Structure formats: structure tokens, C-alpha cells
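Can you read through this structure? Questions will come right after.
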Amino acid sequence: MDKIFAKYAADRHDAVRKWKQKTGKRVYGYFCCMTPEEILYAADILPVRITGTGEPLEHADAYIQSNACAFARSCLDAGLRGLYDYLDGVVVPNSCDIIFSMEYFWRALVPRPTKPALIAGVDIKPYVHYINYPEKIIGREVLPYYLEILKGFKQELERSLNRSIPDADIERAISVYNEDKAQIRRMYEMRRSDPPALSGHDAWQIVYAGLLMPKDEHAALLKNYLDDLQSDGQTAPEGVRIYLSGSAMDLVNAGIYQIIEDSGGQVVSDDLCVGTRAFWYNLKQVVPPLEAIARRSLGTACPRSTVTTAIPENRWTHIVNTTQNFNIDAAIFYVLKCCDARLAEFPHLRNKFREELGIPVLFLEGDYTVEGLEQMRGRVEAFIEMIEG
Amino acid sequence: MGEQQKAATKGSRKTLEMARNTWKFIRQDYGEGHEHKNAGKPVVWSCALVEKELYYSMGLFPYYPEQFASLCAVRRKTKDSEKEAVRFARYAEQAGYSTDLCGYERVCTGYVVNGDLSDAPLGGMAPPDMLVTTSSVCDVRLKWFEDMAQRLQVPLFTLDRPEQVFEDIMGHPKPHEILYYRSQLEDFLSFTTEVTGNKFDQDRLNECMDWAYKTNELRLEILELRKNVPSPMGSADSFATMYPGMYCSGTERAYEFYKALRDEVRAKVKAGKGQIPNERFRLLWFGIPIWFNMSIFNYFEPVGGVFAYEPNYNPVPSPPRNTADPLTEMAIRTLSIGTSMGSRIRAVLEQCTEYNIVGGVLAYLITCRPYYLPVLELARVLKKELGVPSVFIESDLVDERSYSEAQVRTRMDAFSEMILKKMETEAACQTG
Ligand code: SF4
Ligand code: SF4
């Protein structure tokens, strides 16, 4: 794999700092794939996804209870430790109860590079930008409402940066992002073959690196990488074909890929926010750019969202879309403790997997530690062995 | 664990007549719901945060799974069996629901998984014709209701309520938020008409909102009375009497209930009577109560400690009535309440001063994210800004298997000792 992907994946802070030094541009952190990254990109900002470290907490324990999502606590700890001191701003969408609280924690506790600029009690250059992303993603008034939210976010950004962000620049950003999504989709296509062209872990690393580096660079690197892969006819080792569904997949949680591969499995598709949910659906370029962004977010079947249909099924539809033609043998749910939306939907989805797709399911409840993952090794091995028969 | 558990968890001693009357009110309400259903009229299972006037004006009888779960936390099937909440939670766990999930959810899901909806305290909730929930504050309610709708094959409506990040507990919602939420309310009405055939009648809604408004005014008055020293009505009485206001708001019977309650509290204040004869210090309870052990609210009484305030289930001032457009009024009312960590913490700080609080007992509800998330930070800010110390009570809110009486007692004893010592030192400084 290209060493730039690996570098971003392995030492993200160093890689981003170097980029910042080299380009002199701003970097904003964000929490969730609902963040309208294209607006940031259009404003010449590099948006990077905030993730945790998996290391023992140094500060966050004093502020946020140990039952809360270990991933989010680790993110906050990294912020408090100054690992993200290169960020010029932070974007917090209302993605889940825990991430919503980051609006407070990062604003109140994490050291920021610039002082608040208070006018009439309003910070006109906020460090933390909050996005009130709707939880019901289909409905009569949801689009105009969400457009207002995005407009407000853009305006806040424009004020902070003392510049305007013209539509034309957002449109350009969208096409850059679409090209990157197209390359990632191509990569997923190449995993439909048996054996897949590249391993689940390699594919994850590529998607993850894309959340930390400029998308134009990412798309170009990925294109070259996939071209080479195609012409070499290289493949990943064969294995039981696994569909992976789970909570935030960062460097720590991604240890699950290794365990699956060591056990004779191969992840070929997924329902992850660092995975299919981030790129499966393109942004339409026919509508005004903010509307394209809004439609994309509202079209994402995130576990925390709901729809208006009487018996909601959007989550299952996404799973059907992302399992079709991947020849899935089995599904593994790797859900963090405290990730309530996922924990709550699991029994329903598990039953659907079994009954409608005839696919066996393994459930793992993770605690965001390497040791915790290691303890799951035996269960993963036994599960894969059972499928191999 | 079992034996000690059973002995240790019990109800609170209430000081108000009306608090003792609430049980009758609840039993009657459950019964009425069943009669309503038997008469062929529609029943809704609703999240506790939905505006109740909507139901009463549309001819729906509401049950509230959260409230039902708390009911299950105190009832047993037979004298010797485990609490109903534990029985149901086990069913849910056997069906694959994580023990880390909200206790309310596990209990109600287990109840649904069990299949026989009448096999429960008070004959259970009458079978629903629809489910209604809101996105506010907690993701669980969104997913839990979705899941129940799928299991019961009953239509679901979700009111998407934008979270509000204010400096304080109340603020001004933005125009697009009001429009959006209003559209949700309208959609709810059309949805209900579609499912039940019942038509929307604005006059009927106004009537319910009048009752709700007047009830809210009474409840605000009660809150104001509760600031008196000695505390005439504590958290035990407040939690015991919240049912009509929380769940039956918009009805005349809720109004009558609070009128009587207000009169009772007012009379107590006039007579200078407190919750206990010798009140020495006043405490805050933060969080949903641990329903299976309400006796915790009397714990500090022997040393003169009373729970004087709890932010949960309490009213905030309503906007003026707008009979020409009650839905906009409702949207403004709902969206004027801050739901962010900052808003919620600020509100508690303010109220601690108003109610002369000297210590905080913070429920660290291990399965309820919106309530355990702020507790450490709240404790820190209380200490830093007001010098108020806190203690944490760790437990699920309805599932007593996670509760350790011994640990809680040790912590609370150390806490009250510390408060009393602090008071002595302060008194000595003043006289010395
Ligand atoms: S892993 Fe789950 S609980 Fe944690 S931040 Fe993500 S969605 Fe929220
Ligand atoms: S998680 Fe907390 S707020 Fe949400 S339903 Fe459960 S008890 Fe209520």
C-alpha cells in the first residue's frame, strides 16, 4: 500500500502537523461523518476526523464518567493532553448523546488557540461549531430546516475566518469529494471478487487515511494504487467473507480486522461510519451546493437517525445495499459499550440477518482497549471455524 | 445479594397527604386506559417528553413506557418473586439486548418480548394503536421505540426536537427551529388522523393547553413555596407527586391535583412546618430517582438533612397562551428549554443558590447516558463556583441488580459527616 496512507493511519498527528507547516493552512477537527466537510474544504481548511488513542486516560477521567463511550472519552483526553493542539476549530454535530456533550466539553475544557471574541454575549469566532443535525432524516420540512442549519454554520465559519465561502468553491469541493468517493467505491467493487483484491484492513486504512488528508490528494493516490493493483492482479488472502458492522472505527478498534484476518476471515464490506456510510451515496451536483450536502447527510442511514415511515427500515435497507453481491458468509457486530443506538438495534438486525439473508451473526461488545479486543480472539476464531465447517 | 437487596430497597416516607394520594391517581389512570381501549378507542405508548395535550385533544389515551418501567421497579408478581423490572429486564437480555442499555428500555422491551401485555403490574399498558417518541435529549428513546414498533408491528411517529444549546436553562429558539418543530406537530396530527380517524379540533387543543398552562402555573407556585426554610416539600414528595403533572398535563384532573397540593404546601409554609422537625442542611438530588429504593430520600433525616430540590420533572415558565396558533405556542414552549450540558449545569447552579443547597447527591445512573454524562462535571462546577460538595450514588434506575446498598450507605454516611463538620466549622468561625 502507498506509504502515505500508512503514515497518516499510523501517525496522524505528525502527518497533519507537517501538512499544516508545509501549506500554512488551517486544520479543523470534526466528530462525525455528518460534518459538512465540503464547506470546510471550500474555505481552504483541512477537515480531520477526531479519534482517540486507546492509551490510558490522563485527564478526561476527571470530567466524564467511566461508563460513557470509551472512544469519546479517549478523544476528549487527547484534546486535553494537547494532542490536537494544531486544530484551529472543532465541529461537533449532534450525532449521538455522547458526541453532543462534546460541544460542552471541548468548549469548556480543551485549550483553544484563540481567545473568544464576545460581542453581545455571542462568540463570533467560536472554537467549537455545533451542528444541530436532524435526527429524523425524512419529513416534510426537514430539508429547509437543515439548510438553515448549514447556512448558519457557513456564516459562523465566514465570520471566524473573515472571508466568504462562495457557492462555486463549495461546488468544486463537492466534485473533489465525489471523485474520492468514486475511488473508494471502486475499491469496494474490487473486494467483491473471491478472494478480494485487497484485505479488509488495508481497505479500512485507506478510508481512514482519507479522513485525515486532503481529499484531492487521497483520491489521486488511491486511483494510482487501485490501477496498480488491477494491473498486477494481486489479491488478498482468501478467507471467510465477513460483513463488519460497528461503532466508530479508529486505529484502536480497527484491531478487530487483524483478529478476523488472523482467524481466517476477510472483511469485504461493512456498515461503518469509517466505511460504507461515508461514501456509498454520492452528492448530487445538480442542486445548489448546500442542498446537495444536506441531501447527502439526510440520506445516510446512521444508527442514531430515524425516518418517518411507520415501521422504520432504513437501516436494514442500507445493510441490504452493502451486502448485495459481496457473497457474505457471516456478519460480525463489533459494538462499543455505551453505543446505545447500535446496542438497541442489534437484536432486530441480527434476526433479519439470520431470517432474511440466512447469514450467521457474531456479536462482540468492545471496551476500546487492545486487551479487550484480544479477549475476543477466541470467539472470533470459533465463529469462523464454525462457518468453515 | 438477593436477600439483602430485598430488605434494603423500599419506598420513601412521604410527608404530604397528596403524595400518598398519587398511587390512587395512577391506578385509576391505568384502569381508565384499559376501559378506553375496551371501548374501541385508540391508545398510544409515548415517550415521557412528548406534549401530552396532543393526546388528550386527539382522543388518544397515553401510556408512558418510562413511567411503566418505574412502576415495575417497585412491584413484584408475588410476595416472594423478584421485582417485575428485573423479570422483564432478563427477558430482554435473553433476546440479545445488552445489559448496558437503559434500564427503562430493557424493562419495557422485555415486557414486549414476553408477549402477554397483561402479564404485568396493574394489568400492564393497554395494547397500543401507535407509538410516539421524541428525539430530544436521549438517543435510546428513538431507537427503543423504533424497535418496539417493529416488534409490535404498530405505526410509530417521531417528533424531531432540535437540541437547544443555551447559556442558561431557557433561551430563545430560532425561527427556523420553531417552524420545523411546528411542522412536526402538524405531521403528528395528520398521522394520528390517518391511524385513528380522529380529527384535529383546535378548540379542543386550546382547552387542553389552558389546563396545562394553569397546571404549570400552580406547579411553579409550588416550586417557589419549596424554597422556604424549613423545606415544606422535599424530593420524595416531589417525585411522588409528579405523575399528574408529567403524564396528565392538559387535563382538569391534573389541575385539581396540583391545586390541592399547592394548598397543602402553602398551609405547611404558613404553619412553619418543614419535612422534618429539625432541618439542619438542605440537599440537591440530581438525576432520575432510583425507583426501587426511594427510601434514600429519607436517609439524611436523622441528622437533619433534607432533599430540598431536584431539577427533574419540574416545570419551567411557559410562554403566554396563543389561542390563535396553539401549535406555534407549543413549539416555542418546547424549544425554549435548553438541553445541552452547559444549559443543564447552569440551571442546577442557579437553583442551588435559590434553594440554599449545601450538598449535592448526584445519581450516577449507570445505564442512562443523558444523566450520567454531566455528573462529574456538575460536581466539579458545584464545588468550584458554590463550594458545594457532592456524592455519587451509582445504580441503574430500575434494575436493582446493579445496586449495592452497603456501598451507598458508606458513601452517604461519610458525606453527611463531612457536611456536618463543615457546618460546625463555619458556625465556629462566625461565633468565634
Ligand atoms: S461509538 Fe457510539 S457512543 Fe461512541 S461516539 Fe460513536 S456513536 Fe457515540
Ligand atoms: S437513557 Fe435515560 S433519558 Fe434515555 S430513556 Fe433511558 S432513562 Fe430516559
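In what follows, chains are A, B, ... by sequence order, proteins preceding strands, each numbered from 1. Everything numeric here is computed off the predicted structure, so don't read it as measured data.
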Kindly indicate whether a cation-pi arrangement holds for K136(A) with F157(B), taking the cut-offs as under 6.0 Å to the six-membered ring centre and within 45° of the axis.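 Judged by the rule (NZ or CZ under 6.0 Å from the ring centre, within 45° of its axis), K136(A) counts as positioned above F157(B).
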Is there a donor-acceptor contact under 3.5 Å linking the side chains of Y180(B) and D160(B)?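 Checked: Y180(B)/D160(B) side chains pair up, N/O donor to acceptor below 3.5 Å.
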Between E105(B) and chain A, with a heavy-atom cut-off of 4.5 Å, which part of the residue counts as in contact: side chain, backbone, both or neither?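 When you check distances to chain A, only side chain atoms of E105(B) fall under 4.5 Å.
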Engaged part of Y63(A) at the chain B interface, taking heavy atoms whose separation is under 4.5 Å: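 When you check distances to chain B, atoms from both the backbone and side chain of Y63(A) fall under 4.5 Å.
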Counting heavy-atom pairs under 4.5 Å to chain A, which of D139(B), V140(B), L156(B) comes out on top?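 Ranked by contacts with chain A, first place is D139(B).
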Under a 4.5 Å heavy-atom cut-off, does chain A meet the side chain of T109(B), its backbone, both or neither?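 Neither part.
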Under a 4.5 Å heavy-atom cut-off, does chain A meet the side chain of L142(B), its backbone, both or neither?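 It is the side chain, since no backbone atom gets that close.
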Tell me, for V335(A) versus chain B, whether the close heavy atoms (under 4.5 Å) come from the side chain, the backbone, both or neither.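 Neither the backbone nor the side chain of V335(A) comes within 4.5 Å of chain B.
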Hey, is the main chain of E93(B) close enough, under 3.5 Å, to the side chain of R106(B) for a donor-acceptor pair?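 Not at all, since once roles are kept as given, no pair shorter than 3.5 Å links the two residues.
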Could you look at V113(B) and say if it's the side chain, the backbone, both or neither that has a heavy atom under 4.5 Å from chain A?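 V113(B) has no heavy atom closer than 4.5 Å to chain A.
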Side chain, backbone, both or neither of L147(A) within contact of chain B (heavy atoms, under 4.5 Å):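 Contact with chain B: none, neither part.
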Atom CG of L76(A) and atom CD1 of I64(A): how far apart are they, to the nearest 0.5 Å?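 The CG atom of L76(A) sits 6.0 Å away from the CD1 atom of I64(A).
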Which word best sums up how the rings of Y243(A) and F353(A) line up, parallel for under 30°, tilted for 30 to 60°, or perpendicular for over 60°?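 Taking F353(A) first and then Y243(A), their aromatic rings sit tilted (interplane angle of 30° to 60°).
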Between Q153(B), K174(B), R369(B), E377(B), who has the most heavy-atom pairs with chain A when the cutoff is under 4.5 Å?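 Of the options given, most contacts go to R369(B).
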Which region of N132(A), side chain (C-beta onward) or backbone (N, CA, C, O), has a non-hydrogen atom less than 4.5 Å from a non-hydrogen atom of chain B, or is it both or neither?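 Just the side chain, heavy atoms under 4.5 Å.
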Between CG on residue D325(B) and CD1 on residue I332(B), distance to nearest 0.5 Å: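 The CD1 atom of I332(B) is 8.0 Å from CG of D325(B), to the nearest 0.5 Å.
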Flag the one option from P374(B), C138(B), P175(B) with the top tally of heavy-atom pairs under 4.5 Å to chain A.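 Highest number of heavy-atom pairs under 4.5 Å: C138(B).
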V195(B) versus chain A, the contacting section by heavy-atom distance below 4.5 Å: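 The answer is neither part of V195(B).
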Minimum heavy-atom distance V398(B)-A69(B), with the two atoms named: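 Shortest heavy-atom separation between V398(B) and A69(B) comes out as CG1-O, 3.5 Å.
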Could you check which of C339(A), A108(A), A341(A), G152(A) has the highest count of heavy-atom pairs closer than 4.5 Å to chain B?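 Counting heavy-atom pairs under 4.5 Å, the top option is A341(A).
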Between T300(A) and R277(A), is there a side-chain donor-acceptor contact under 3.5 Å, judged purely by atom types and distance?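 Their side chains do not contain a donor-acceptor pair, so the 3.5 Å distance test is not met.
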Strictly distance-based, threshold 3.5 Å: is any side-chain N or O of T35(A) a donor or acceptor partner for the main-chain N or O of C32(A)?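 Side chain of T35(A) to backbone of C32(A), a donor-acceptor pair under 3.5 Å: yes, one is there.
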For Y364(B), which atoms come within 4.5 Å of any heavy atom of chain A: side chain, backbone, both, or neither?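 Contact with chain A: side chain only.
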So for D97(A), is it side chain, backbone, both, or neither that comes closer than 4.5 Å to the heavy atoms of chain B?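 Both parts, backbone and side chain.
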Quick one about Q164(B) and S343(B) (side-chain donor to acceptor, distance below 3.5 Å, no hydrogens or angles considered), yes or no?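 Checked: S343(B)/Q164(B) side chains show no N/O donor-acceptor pair below 3.5 Å.
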Need one label for Q65(A): side chain, backbone, both or neither, based on atoms under 4.5 Å from any heavy atom in chain B.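 Looking at Q65(A), backbone and side chain both touch chain B.
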Taking every heavy-atom pair that is under 4.5 Å apart, which of Y145(A), F105(A), Y104(A) has the most such pairs with chain B?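 Heavy-atom pair counts peak at Y145(A).
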Assess whether a salt bridge exists between R342(A) and D271(A), defined as any Lys/Arg side-chain N lying under 4.0 Å from an Asp/Glu carboxylate O.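 Answer for the salt bridge query: yes.
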As an exercise, state the distance from CG of D396(B) to CD1 of I290(B), rounded to the nearest 0.5 Å.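 Taking CG in D396(B) and CD1 in I290(B), the distance rounds to 9.0 Å.
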Determine the option with the most heavy-atom pairs under 4.5 angstrom with chain A, choosing from R161(B), M130(B), Q150(B), E167(B).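 Sorted descending by pairs with chain A, the first entry is Q150(B).
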Interatomic distance, L185(B) atom CG to T328(B) atom OG1 [nearest 0.5 angstrom]: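 One gets 9.0 Å once the value is rounded to the nearest 0.5 Å.
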Do you know which of F392(B), Y97(B), F191(B) has the most heavy-atom pairs under 4.5 Å to chain A?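 That would be Y97(B).
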Answer with side chain, backbone, both or neither: which region of D187(B) has an atom nearer than 4.5 Å to a non-hydrogen atom of chain A?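 Answer is both: backbone and side chain atoms of D187(B) are under 4.5 Å from chain A.
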L131(B) versus chain A, the contacting section by heavy-atom distance below 4.5 Å: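 Contact with chain A: none, neither part.
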R344(B) charged N/C atom sitting above Y371(B) aromatic ring, 6.0 Å / 45°: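 The answer is yes; both the distance and angle limits are met.
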Pick from Y130(A), Y133(A), F363(A), Y146(A) with the largest number of heavy-atom pairs that fall under 4.5 Å of chain B: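 Of the candidates given, the most pairs with chain B belong to Y130(A).
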Looking at OG1 of T306(A) and NZ of K143(B), how far apart are the two atoms once the value is rounded to the nearest 0.5 Å?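 With rounding to 0.5 Å, OG1 (T306(A)) is 6.0 Å from NZ (K143(B)).
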Give the member of A62(A), S66(A), A68(A), G121(A) that has the highest number of heavy-atom pairs under 4.5 Å with chain B.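 Heavy-atom pairs under 4.5 Å are most numerous for A68(A).
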Which one of S305(A), P144(A), G139(A), P303(A) has the most heavy-atom pairs closer than 4.5 Å to chain B?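 Greatest number of close heavy-atom pairs with chain B: P303(A).
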Among the options K337(A), R315(A), R304(A), pick out the one with the most heavy-atom pairs lying under 4.5 Å from chain B.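 Top count of heavy-atom pairs under 4.5 Å with chain B: K337(A).
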Among E146(B), R380(B), E163(B), which residue has the highest count of heavy-atom pairs closer than 4.5 Å to chain A?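 Option with the greatest count: E163(B).
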